[in-house]
Colleague: 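The following block contains the structure, expressed as structure tokens.
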Protein chains: 2
Amino acid sequence: MKHNTKQRQAIIHCLSRARGPMSPYEIHELAAEEVEGLGIATVYRNLKLLAQEGKVKEFVLPGEGTRYEPAGLQHHHHFFCRGCDRVFCVEGCPRGFSSMIPEGFVLEDHEIVLYGQCQDCLDRRAV
Amino acid sequence: MKHNTKQRQAIIHCLSRARGPMSPYEIHELAAEEVEGLGIATVYRNLKLLAQEGKVKEFVLPGEGTRYEPAGLQHHHHFFCRGCDRVFCVEGCPRGFSSMIPEGFVLEDHEIVLYGQCQDCLDRRAV
DNA sequence: TAAAAATTGATAATATATTATCATCTTTTT
DNA sequence: AAAAAGATGATAATATATTATCAATTTTTA
């Protein structure tokens, strides 16, 4: 990948504007608005390469396919909206997991996923 | 499912002795020690039925297939050992997620996954 | 105990996300 | 501008976990 194609730019543009990690499908939908006729294979191809280059980070949610967010974001967690299946990055972290670790285990990392309803979905219902 | 077959009993027995949710594959391996010739389809079939009956609970880990644990356990989270890919239930919960929730969102649920090394894997290395 | 019903195990089928193929189109190099 | 290299889009292929099929076995019922 030596060309910085408009397809690749559109994909990066999507991710940098997103509020959270996006699925290849979501990226394809949105980036296709910028680049007419964008193929899903191109999305997968570029995401894989961007991940290898360390420019995007994979994020996998239980029971869902892989999503992607820009690399280099500071420590954060995620909120999954059950209304629209979108994922949002959220700031902060309660820490204090050490009391949860079983005797003799070593903690290397952690992941928190919050589940609920996003504002858009709540607004939609309230109408 | 009206019969409480030895296959089904073996599956339940596995789960009730486990330290955390098990994959169908793991269950099959272990339960086959109790029931000679146990088929993987039987494991899937019974897990699905047990889940429908509310006797076991599905647990999905990012990037991994579905696992199962007994239903009715108190609030807890999970530890994934990167050494052996096993999942362990852990007690406790830091709470305090409300400050993480974006404006206008509603929190319904949460899930914490700790990643690291279990004691067996650390012991194995130390030798 | 014979007949009916339920379950099993082996394996084929399915669903889904991702990857490979390849002709075509773009960009770069000469 | 011509040739070479790279990337794309459509679609076929792949991998994997799960489910369906069905003959054989086991359990239950009469």
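Here is the naming used below: chain letters follow the sequence lines, and residue numbers restart at 1 for every chain.
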Colleague: Can you check each nucleotide of nucleotides 16-28 of chain C against protein heavy atoms at under 4.0 Å and return B for base, S for sugar-phosphate only, - for none, in 5' to 3' order?
Modeller: -SBBBB------S
Colleague: Could you check how far CZ of B:R8 sits from P of C:dG9, rounded to whole Å?
Modeller: 13 Å
Colleague: For this output row, return yes or no: ring centroids of A:F88 and A:F80 closer than 6.0 angstrom.
Modeller: no
Colleague: Ignoring backbone atoms, test whether B:N46 places a side-chain nitrogen or oxygen under 4.0 Å from the OP1 or OP2 oxygen of C:dT8.
Modeller: yes
Colleague: Give me each pair satisfying salt bridge (charged side-chain N to carboxylate O under 4.0 Å, His left out) with a member in residues 90-110 of chain B, each pair once, sequence neighbours excluded.
Modeller: A:R82-B:E108, A:R82-B:D109
Colleague: Within this structure, what is the CG-to-C1' distance between B:L38 and C:dG9, rounded to whole angstrom?
Modeller: 9 Å
Colleague: Looking at residues at least two apart in the chain, or sitting in another chain, which of them share a side-chain contact (heavy atoms from CB on, under 4.5 Å) with B:H110?
Modeller: A:L114, B:H75, B:H77, B:C93, B:F97, B:I112
Colleague: To the nearest Å, how far apart are A:I11 CD1 and D:dG9 C1'?
Modeller: 12 Å
Colleague: Please enumerate all residues that pass side-chain hydrogen bond (donor to acceptor under 3.5 Å, both in side chains) together with B:K55, with sequence neighbours excluded.
Modeller: B:E53
Colleague: Looking at residues at least two apart in the chain, or sitting in another chain, which of them share a side-chain hydrogen bond (donor to acceptor under 3.5 Å, both in side chains) with B:H76?
Modeller: B:E69, B:H78
Colleague: Can you list every pair that meets ring-ring contact (aromatic ring centres under 6.0 Å, His included) and has a residue in residues 19-41 of chain B, with sequence neighbours left out?
Modeller: none
Colleague: Distance check: side-chain N/O of B:Q7 vs OP1/OP2 of C:dG9, anything under 4.0 Å?
Modeller: yes
